[in-house]
Amino acid sequence: MPTLFAACRQSLRSGYSWASLRGDLAAGLTVGIIAIPLAMALAIAVGVAPQHGLYTVLVAAPLIALCGGSRFNISGPTAAFVVILLPITGQFGIGGLLLCTLMAGLILIALGLLKAGRLIEFVPYPVTLGFTAGIGIVIATLQLKDLLGLQLAGQPSHYVQQVQMLWQALPGIQPGDSLVALACLGVLLLWPRLVPRVPGHLVALTVGALLGLALERGGLPVATLGERFSYSVDGISYPGIPPFLPTFAWPWQLPGADGQPLVLSFELIRQLLAPAFAIAMLGAIESLLCAVVADGMTGSKHDPNAELLGQGIGNLVAPLFGGITATAAIARSATNVRAGACSPLAAIIHAGVVLVAIVFLAPLFSYLPMAALAALLLMVAWNMSEAHHVAHTLRIAPRSDVLVLLTCLSLTVLFDMVLAVGVGLLLAAGLFIKRMSELTDTRRLPRHSHQALNDLPEHVLALAIRGPLFFGAAQRTLETLRRLDPHIRVVILDVSAVPMLDMTALAALQGIVLEYRRHGIALIVSGASPSLRLKLRRADLQRSHGRLSYARDLAQARAICEGWPGDA
């Protein structure tokens, strides 16, 4: 059973000192500063108020760090979830989104308890690269509206319609928003090269906010967070985000898409079950990939099942306090490692930075231009798309892997990630089965290939099977055993190079044994491994044919063969 607090235990076992504490403090402050604008921008991207992103970091990040299995993972809202969460918000409102997140948390806990942490190894690289690149394209497209200050007639759910609506709205580009976006993008691109120790996100947003104020005074309007979002206290509305901590509330008590509280019912759970599974699967993939990356940077080793358990607990509790879906973020976790983190305490400190920002800096966030936040997400989308990896894979990968990658990318963009991953896995599995089946064949053993085969009688035929005998290769491979010359009375079948055999192959082999019995042909199976021999004996093929024998090797098969007459 996965152990709670696995990462904390590992940190204490490896030794914790004042130097470790200083490293965690520096890393927590650095990542916390980065997380504040990202959390707000990602919350806006999924269709909810920006404070919900901050609440996610505040609640989910420390819980996951304490309960999880990776010492260096930093959890919170991530760009990968945008394409899944945005349609949920549009259809079910904030209440449905939080309820779906809570359900995903339960699924993640179940995956952790079932020790499914190693299943990530069975997701092919082209599938992962394809859907992450597709998500990057979708996120970048969604940011064009705020990046250019466009006014859209609606929010279409399909990508092609989104592009068409953006194209129609292009004449309404706002110069103020566009200038702010260009300035922020310039800072985000150049600042890491000039002053890598200071987070470029903070500098870019500061530049964007100051430029936005200057443009407003010069007569060019710039849309800000305070104009787009507000909160109410005692019936009085205030711009921006509330400067106080979230309160407990059941998700179904919050508004749905129609503005009315959700009605918790079996039908609602049924409708949210599929997206909850999608959230859980993507959360598992993202968090475990992030843990692998952190392990590679630090030489540590995470507990995958404990990490799933921690992710589940975080996503179970966060929605009760207004937090949206959380998972480990690769960029923030890598920054955490580079900044000197030593333990999960860095993630807790990073949540403390967000707490301070909510309580003391909330009024300042009202002046953040929407174009600056869009520029920030555009850079996140670019980094997430891993364009250089996609180009490299397209150039060097086998055509089958290229097909899987392009299929996943296209389906993610044009339809949704759930369909893309499902089709990608099926396509990758089918192509893998085809490749494996091509490695399996049946060959005739020449008489000079082995001393035991010298001077074999003409009525004895020696064959060898090479490769796995499974459903994709069994019928084609064993068909050779049916095409025999009429004078053949004994067949020696060498299976020493067969690593596995499934039920389809057993059924096909049984059919051959029955056919041999009708034609009076004896069969000697040679060189079977202990596990293979056990499967053959359990199938009880000898009951179908009295002339079936097993030999340790070709020499023993030759000895058995010499005891049988030519008209056996």
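Heads up: numbering here begins at 1 and tracks the sequence. Remember, it's a predicted structure, so these values are computed and weren't measured experimentally.
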Counting only pairs under 3.5 Å, give me each side-chain donor-acceptor contact of residues 206-224, with atom names and distances, residues two or more places apart or in other chains.
from : atom 1 : to   : atom 2 : distance (Å)
T206 : OG1    : L202 : O      : 2.8
E216 : OE2    : V222 : N      : 3.0
T224 : OG1    : E227 : N      : 3.4

Tell me which donor-acceptor pairs under 3.5 Å the side chains of residues 364-380 have, and how far apart each pair is, sequence neighbours excluded?
from : atom 1 : to   : atom 2 : distance (Å)
S366 : OG     : P239 : O      : 3.4
S366 : OG     : P363 : O      : 3.4

Solution key, residues 47-61 side-chain donor-acceptor pairs under 3.5 Å, sequence neighbours excluded:
from : atom 1 : to   : atom 2 : distance (Å)
H52  : ND1    : G322 : O      : 2.7
T56  : OG1    : H52  : O      : 2.7
T56  : OG1    : I324 : N      : 2.7

Sequence neighbours left out, cut at 3.5 Å: what donor-acceptor pairs do the side chains of residues 334-342 make with other protein atoms?
from : atom 1 : to   : atom 2 : distance (Å)
T335 : OG1    : A331 : O      : 2.9
N336 : ND2    : F72  : O      : 3.1

Would you tabulate the side-chain donor-acceptor contacts of residues 78-86 under 3.5 Å, counting partners in other chains and residues two or more places apart, or write 'none'?
none

For residues 241-261, which side-chain N or O atoms pair as donor and acceptor with protein atoms under 3.5 Å away, sequence neighbours left out?
from : atom 1 : to   : atom 2 : distance (Å)
Q253 : OE1    : W250 : N      : 3.4
D258 : OD1    : Q260 : N      : 3.1

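In plain terms, the two heavy atoms of P37 and L205 that are nearest each other are CB-CD1, 2.9 Å. Listed here is the closest heavy atom pair of A133 and L409: CB-CD1, 3.7 Å. Annotation for L308 and G112: closest pair CB-CA, 3.9 Å, computed over non-hydrogen atoms. The minimum heavy-atom distance linking Q311 with S75 is given by the pair NE2-OG, 3.2 Å. What you find for V354 and G32 is that their closest heavy atoms are CG2-O, 4.4 Å. P275 and I88 make their closest contact through CB-CD1, 3.6 Å (heavy atoms, listed as atom of the first residue, atom of the second, distance).
Expressed to the nearest 0.5 Å, how far CG of L394 lies from CG of L406 amounts to 5.5 Å. A distance of 13.5 Å separates CD1 of I74 from CD1 of I330, quoted to the nearest 0.5 Å. Rounded to the nearest 0.5 angstrom, L150 CG and L152 CG are separated by 6.0 Å. Within the model, atoms CG of L288 and CG of L111 stand 9.5 Å from one another, a figure rounded to the nearest 0.5 Å. With rounding to the nearest 0.5 angstrom, the CG atom of L144 is 12.0 Å from the CH2 atom of W167. To the nearest 0.5 Å, atoms SG (C290) and CD1 (I285) are separated by 13.5 Å.
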Apply side-chain contact (heavy atoms from CB on, under 4.5 Å) to the pair S232 and Y238, showing each step before the final yes or no.
-> CA-CA 6 Å; S232 297; Y238 299 90; over 6 Å; no

Take I173 and S178 through the side-chain contact (heavy atoms from CB on, under 4.5 Å) test and state the conclusion after the steps.
-> CA-CA 8 Å; I173 289 179; S178 302; 3.3 Å; yes

Run the numbers on V138 and L142 for side-chain contact (heavy atoms from CB on, under 4.5 Å), then give the verdict.
-> CA-CA 6 Å; V138 174; L142 290 172; 4.1 Å; yes

Step by step, work out the side-chain contact (heavy atoms from CB on, under 4.5 Å) result for L66 and C8.
-> CA-CA 6 Å; L66 282 172; C8 294; 3.9 Å; yes

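L264 is listed as a side-chain neighbour of I269, based on a closest heavy-atom distance under 4.5 Å. No side-chain heavy atom of S237 sits under 4.5 Å from any side-chain heavy atom of Y231. Using a 4.5 Å cut-off on side-chain heavy atoms (C-beta onward), L316 and L106 make contact. For the pair I279/C100, a side-chain contact is recorded, criterion being any heavy-atom separation below 4.5 Å from C-beta on. In this structure, L272 and L99 have side chains that are in contact, with non-hydrogen atoms separated by less than 4.5 Å. Contact check for T141 versus Y159: side-chain heavy atoms found under the 4.5 Å cut-off. Looking only at side-chain heavy atoms (C-beta outward), Y125 and H389 come within less than 4.5 Å of each other. Side chains of L361 and V356 form no contact here, defined as non-hydrogen atoms less than 4.5 Å apart.
Using a distance-only test at 3.5 Å, with no hydrogens or angles considered, a donor-acceptor pair links the side chain of T327 to the main chain of G283. Proximity of a side-chain donor or acceptor of S385 to a complementary backbone N or O of W382 within less than 3.5 Å is detected.
Residues satisfying the salt bridge (Lys or Arg N to Asp or Glu O under 4.0 Å) criterion with D24, sequence neighbours excluded, are absent altogether. Applying the side-chain hydrogen bond (donor to acceptor under 3.5 Å, both in side chains) criterion to N383, with sequence neighbours excluded, gives no partner residue. Residues satisfying the salt bridge (Lys or Arg N to Asp or Glu O under 4.0 Å) test with R270, not counting sequence neighbours, are E267.
Taking a 6.0 Å sphere around OH of Y16, one finds it holds more than 12 heavy atoms contributed by other residues, nucleotides or ligands.
Pairs passing the side-chain hydrogen bond (donor to acceptor under 3.5 Å, both in side chains) check and including a residue from residues 82-106, sequence neighbours excluded, read T101-T325. Here side-chain hydrogen bond (donor to acceptor under 3.5 Å, both in side chains) pairs that include residues 285-298, with residues two or more places apart or in two chains, are D295-S300, D295-H302, T298-S300. Identified under the salt bridge (Lys or Arg N to Asp or Glu O under 4.0 Å) test for residues 130-159, with sequence neighbours left out: D146-R228.
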